[in-house]
Amino acid sequence: MASDGEETTIWRNARLATLASGAPGLGVVEPGAVVATGGRIVYSGADADAPSPPKGAQIVDCGGRWITPGLIDCHTHLVYAGSRAAEFEARLAGASYEDIARAGGGIVSTVRATRAASEDALVLEALPRLDALIAEGVTTIEIKSGYGLDLATERKMLRAARRLGSERPVDVRTTFLGAHALPPERAGDKAGYVAEVADAMLPALAAEGLVDAVDGFCEQIAFSSDDMRRVFARAKHLGLPVKLHAEQLSNCGGARLAAEFQALSADHLEYADAEDAAAMARAGVVATLLPGAYYLLRETKAPPIDLFRRMGVPMAVSTDCNPGTSPMTSLLLALNMAATLFRLTVDECLIGVTRNAARALGLEAEIGSLEPGKRADLAIWDIERPAELVYRLGFNPLHARVWRGR
Ligand code: DI6
Ligand code: FE
């Protein structure tokens with residue numbers, strides 16, 4: 001089975017949640033085994049039917065523990081400098097978002113700190129956040145730019161994100177979010193800034209190989225769907241997939257724009273309606289749910305989960321880790337919030353951080369399930385049933401994590 005120089009490992013005596021797309025529910029197999037050679041899964045199924053391991057293969061007895069695919073955090077703003085704890089405190093004391101923005105706080109304060117930080121400093125500040133996610137079994141993470149809002153700083157953020165992937169055993173996907181906010185020096189010139197994002201920043205960063213996908217903040221307080229159309233048209237021209245922060249605070253036509261451009265995902269979606277859900281279903285756009293931001297902003301309008309279910313829109317769940325609206329570095333906590341606040345089922349939660357999160361990154365052929373041919377990214381859990389991953393708050397039952405077979 002193994003060719004020369006390719007390590008084989010077999011994990012046996014396990015309970016598998018394979019998350020295979022054809023299987024019902026979580027695709028449970030017990031007792032199950034997973035065999036990996038050269039970092040790829042070559043067998044996943046009943047323990048009794050596992051191929052006999054080649055000489056020298058490593059055999060791991062899982063003692064009846066559960067194995068899921070490595071978790072995927074498909075929407076984060078992990079790289080940034082500074083802290084917004086004082087802003088949080090001011091909001092608790094009654095300050096509004098507008099008060100804070102007028103006092104030079106909000107996104108702009110993170111932009112200021114990020115511009116002032118070196119690439120090394122950005123890496124160092126992001127590492128503890130990344131380590132917290134890795135400790136919970138995350139094996140792939142998406143990281144956005146968007147706190148630079150000028151070419152040099154957006155580049156620095158994306159380079160820092162790429163470097164995180166060489167500092168730690170984790171796959172990093174980078175997303176260019178130049179259309180996150182209007183930089184202060186461009187006040188009154190939104191059209192000019194959008195043109196710069198689409199015609200200068202995006203092509204330059206793409207040419208440097210720093211962009212895996214293109215995102216924007218489509219919102220009344222940020223960019224319109226027409227602004228985003230301009231950016232998406234350039235992304236399409238460059239052959240890059242798109243995704244969008246859509247209908248988080250109001251309905252602005254973002255989900256429909258995402259569908260029109262066959263986006264990988266539309267994210268947040270609290271204010272999405274039936275027409276949006278139908279368009280997303282037709283175009284195969286994943287709905288990425290971000291309960292951390294909903295929670296921190298004390299929103300009361302939840303995304304239309306029933307519509308997504310009924311129309312067959314695939315749902316993903318992510319931390320949205322960012323300093324302003326979701327300072328969260330626990331994907332397991334995001335699962336509990338998705339269940340408690342949005343009423344997702346346990347199966348929907350777990351599909352949302354594996355198979356559907358892979359799809360939200362365009363990586364469904366590579367990761368997100370325990371199936372032959374996929375990367376051997378596994379999370380091994382000390383739990384009695386998968387619901388424990390969703391049920392508990394602030395507890396991490398990860399026993400071991402395997403990234404690319406190791
Ligand atoms: N959606 C959000 O909630 C934030 N960005 C976004 O696109 C806020 C980011 C911040 O306040 O730093
Ligand atoms: Fe976000």
Side-chain angles (χ1 to χ4, degrees), residues 73-88 90-91 95-101 103-115 125-126 129 141-149 153-154 157 161 173-184 197 213-224 227-228 231 242-250 252 254-255 258 263-271 286-299 301 303 316-329 331 334 337 357 360-361:
D73 198 353
C74 67
H75 177 142
T76 86
H77 309 250
L78 198 85
V79 169
Y80 61 84
S83 162
R84 305 257 289 277
E87 173 184 320
F88 176 72
R91 281 164 79 168
S96 71
Y97 196 78
E98 289 73 26
D99 296 335
I100 288 160
I107 288 188
V108 171
S109 72
T110 302
V111 171
R112 218 182 299 118
T114 304
R115 285 178 177 178
E125 287 196 43
R129 297 190 277 269
I141 179 173
E142 184 253 20
I143 302 177
K144 302 175 194 297
S145 67
Y147 289 117
L149 311 180
T153 316
E154 291 289 304
M157 288 186 75
R173 301 294 285 184
T174 55
T175 298
F176 172 61
L177 180 60
H180 191 196
L182 189 62
V197 167
V214 177
D215 195 352
F217 191 19
C218 189
E219 197 55 63
Q220 275 161 27
I221 57 164
F223 298 94
S224 69
D227 294 331
M228 286 316 305
V231 178
V242 299
K243 43 185 45 242
L244 194 62
H245 288 70
E247 336 307 354
Q248 180 188 4
L249 308 168
S250 62
C252 289
L264 294 173
S265 67
D267 304 33
H268 288 287
L269 298 167
E270 277 79 349
Y271 287 82
V286 174
T288 298
L289 307 172
L290 305 169
Y294 173 91
Y295 167 83
L296 206 89
L297 295 173
R298 307 181 79 233
E299 289 275 346
K301 189 169 160 41
V317 177
S318 170
T319 61
D320 193 16
C321 176
N322 79 68
T325 61
S326 190
M328 174 157 75
T329 47
L331 193 52
M337 287 181 176
L361 297 177

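Atoms within each ligand, like the ligands themselves, are counted from 1 in listed order. Note that the structure is a prediction, hence the values are computed from the model and not measured.
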Next on the checklist: Looking only at N, O or S atoms, which one in His245 sits nearest to the Fe ion (ligand 2)?
Outcome noted: NE2
Next on the checklist: Suppose I only count heavy atoms of Gly324 and a 4.0 Å limit; which atoms of ligand 1 are within that range?
Outcome noted: 10 (C), 11 (O), 12 (O)
Item to check | Identity and distance of the protein heavy atom lying nearest atom 4 (C) of ligand 1 | outcome: Thr325 OG1, 3.8 Å
Next on the checklist: I need the NE2(His77)-the Fe ion (ligand 2)-NE2(His75) angle, rounded to 10 degrees.
Outcome noted: 100°
Item to check | Which atom of Asp320 approaches the Fe ion (ligand 2) most closely (N/O/S) | outcome: OD1
Item to check | Residue, atom name and distance, where the atom is the protein heavy atom closest to atom 7 (O) of ligand 1 | outcome: His245 CD2, 3.0 Å
Checklist entry - Which heavy atom in Leu361 sits nearest to a heavy atom in Leu264, and how many Å separate them? => result C-CD1, 3.8 Å
Checklist outcome for this item: At under 4.0 Å between heavy atoms, what of His180 touches ligand 1? The answer is side chain
Next on the checklist: Could you tell me if the side chain of Cys218 sits less than 4.5 Å from the side chain of Phe223, heavy atoms only?
Outcome noted: no
Next on the checklist: Exactly one of Lys243, His75, Lys144, His180 should register a side-chain hydrogen bond (donor to acceptor under 3.5 Å, both in side chains) with Asp215. Which one does?
Outcome noted: Lys144
Next on the checklist: Among all the protein's non-hydrogen atoms, which is closest to atom 1 (N) of ligand 1, and how far away is it?
Outcome noted: Gln248 OE1, 3.3 Å
Next on the checklist: Quick check on contacts: which atoms of ligand 1 are under 4.0 angstrom from a heavy atom of Ile107?
Outcome noted: 9 (C), 10 (C), 11 (O), 12 (O)
Checklist entry - What protein heavy atom sits nearest atom 12 (O) of ligand 1, and how far away is it? => result Tyr147 OH, 2.6 Å
Next on the checklist: Using a 6.0 Å distance limit plus a 45 degree cone around the ring axis, check whether Arg115 lies over the aromatic ring of Tyr147.
Outcome noted: no
Checklist entry - Non-hydrogen atoms of Thr110 versus ligand 1: any pair closer than 4.0 Å? => result no
Next on the checklist: Is the positively charged end of Lys301 above the ring of Tyr271, judged by distance under 6.0 angstrom from the centroid and angle within 45° of the axis?
Outcome noted: yes
Item to check | Closest contact, heavy atoms only, Ser326 versus Asp320 | outcome: CB-O, 3.5 Å
Checklist entry - Starting from atom 11 (O) of ligand 1, which protein heavy atom do you reach first, and at what distance in Å? => result Arg84 NH2, 2.8 Å
Item to check | Atom of Ala246, atom of Ala255 and distance for their closest heavy-atom approach | outcome: CB-N, 3.7 Å
Next on the checklist: Hydrogens and angles aside, do Glu142 and Thr76 bring a side-chain donor and acceptor to less than 3.5 Å of each other?
Outcome noted: no
